[in-house]
Student: 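One structure, pasted below without further comment.
Note that the structure is predicted; figures quoted are calculated from it, not measured. Ligands are counted one by one from 1 in listed order, and the atoms in each one are counted from 1 as well.
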Amino acid sequence: MTTFLLKLGELTLKGGNRQEFEQILKRNLTTMLKGTRAVINCTQGRFFVHCETDRERQVEAVLDRLIGIAGWAKTSPCDKTVEAVLEACVAEARALAAAGIRTFKIEARRADKSFPLDSYGIMRAAGDAVCEAVPELQVDVQHPQQIISVEIRERAYVYGLSHRGRRGLPVGSAGRGLLLLSGGIDSPVAGYLMANRGMRLEAIYFHAYPYTSEEAQKKVHKLASIISQYALPVRLHTIPFTQIQVRIKQRSPEQWSTVLLRMAMMDAAGRLARRNRIHCLVTGESLSQVASQTVENIQCTESTARLPVFRPLIGTDKEDTVRIAREIGTYETSILPYEDCCVLFSPAHPILHGHIDEAKALYESLELEDLLEEALRNEKIEKCTSEDADLTI
Ligand code: ATP
Ligand code: MG
């Protein structure tokens, strides 16, 4: 049997709502642990996960993806006696020394006040015991390479090498958002970042079949599935947008076509979101990254949105976005060559600083109402789950 101890992060700041946040976290963890036969135990603001030893790896993979915890560690519960606790600290210290660690400090928390030593007493006694038994290790209170933690609760827990959690707030604690998900690098990262603030996501993808390939659709499905490894299952709405793109090409100056297409996407996404009781839209836009994302063009794009638009990457450098994409595992899929927006429809010289009044007038003249409603009626809905994250395209 293996026990993991989870440390809650920002959650602990939430005062009166804390219980609700903990319940959401527990629900998410239960969903993510399905199939591992692990058991969750929640006492006094600490979460414990118990599993059979041969399931350790699986559980570790889940904890590594769980949003809303500051950290986690494998721990072995021991008897609540001073001898057993010091012995466990020495065992942990030996493991640290074997892993090349040279400096440490002990941190102790005594939730059970009947334990004979107080927190300070535990720190001193355990520090002395470790220094005597493991001479390679030295105490460094300011900058220890590792901390050995002791918690005295219904049992005593000692743990060393602990893992950093994803932090943030548990998914589902901060409302629902509709992610405009293209096959690119940015929008999956934007979705992940909002999930990390507790937002539950649905996704919308506009495709221009047959100008864009079936592979492009599968790629977006896979991206949504990878996001769902962190953000719980994601409902993906695929909307056929070919007729709208053709209308834009027919009726508007070529240089405006990208901005007008983005306006149509925002319009459709806003309608769909409101009908599904979703409160905001999320995009991967980053200021001035491409022509359609200058501040003037964003003003044009946003004018059709109907809902608040969240752009978590607006001030982010591309390199940093790529780093997050690699870390969460979307990058390799995002760079597959299938285009999400047909190059046939992209102008050679897109407008850089569109004027809002002109944008609105051009958009009106497209008379998209019926086409938009038809496109929304023809949506395809799929549930993207973590099981699909490894699909090959
Ligand atoms: P990404 O890497 O997310 O595609 P990008 O830098 O390529 O972003 P654009 O292609 O201009 O930028 O798209 C800006 C944003 O508009 C995207 O981040 C995404 O949120 C949304 N978007 C673009 N194309 C589509 C699409 N086909 N379906 C759904 N959303 C889209
Ligand atoms: Mg793109």
Student: Is there a donor-acceptor contact under 3.5 Å from the side chain of Asp79 to the main chain of Thr81?
Tutor: no

Student: As an exercise, identify every atom of ligand 1 less than 4.0 angstrom from a heavy atom of Gly184.
Tutor: 1 (P), 2 (O), 4 (O)

Student: Just by distance, do the side chain of Ser228 and the backbone of Ser386 share a donor-acceptor pair under 3.5 Å?
Tutor: yes

Student: Suppose I only count heavy atoms of Thr283 and a 4.0 Å limit; which atoms of ligand 1 are within that range?
Tutor: 20 (O)

Student: Should Lys318 and Asp186 count as an ion pair when the cut-off is N to O under 4.0 Å?
Tutor: yes

Student: Of the side chain and backbone of Ser187, name the one, both, or neither that has a heavy atom under 4.0 Å from an atom of ligand 1.
Tutor: both

Student: Which part of Thr258 is near ligand 1, with near meaning a heavy atom under 4.0 Å away: side chain, backbone, both or neither?
Tutor: neither

Student: For ligand 1, is there an atom lying under 4.0 Å from some heavy atom of His207?
Tutor: no

Student: With nothing but distance in play, are any N or O atoms of Tyr205 less than 3.5 Å from an N or O of ligand 1?
Tutor: no

Student: Using distance alone, determine whether Gly284 and ligand 1 share an N or O pair under 3.5 Å.
Tutor: yes

Student: State whether the number of non-hydrogen atoms from other residues, nucleotides or ligands found under 6.0 Å of Arg251 atom CZ is greater than 12.
Tutor: yes

Student: Between Lys105 and Gln142, do the side chains contain an N or O donor and an N or O acceptor separated by less than 3.5 Å?
Tutor: no

Student: Under 3.5 Å, side chain of Thr242 to main-chain N/O of Tyr209, donor-acceptor pair present?
Tutor: yes

Student: Can you name the atoms of ligand 1, numbered from 1 with element, that are less than 4.0 Å from a heavy atom of Gln293?
Tutor: 6 (O), 9 (P), 11 (O), 12 (O), 13 (O), 14 (C)

Student: With rounding to the nearest 0.5 Å, note down the distance linking CG in Leu137 to CD in Gln145.
Tutor: 9.0 Å

Student: Which ligand 1 atoms does Ser292 reach within 4.0 Å, using its non-hydrogen atoms?
Tutor: 11 (O)

Student: Could you tell me whether Leu179 approaches ligand 1 through its side chain, its backbone, both or neither, with non-hydrogen atoms closer than 4.0 Å?
Tutor: neither

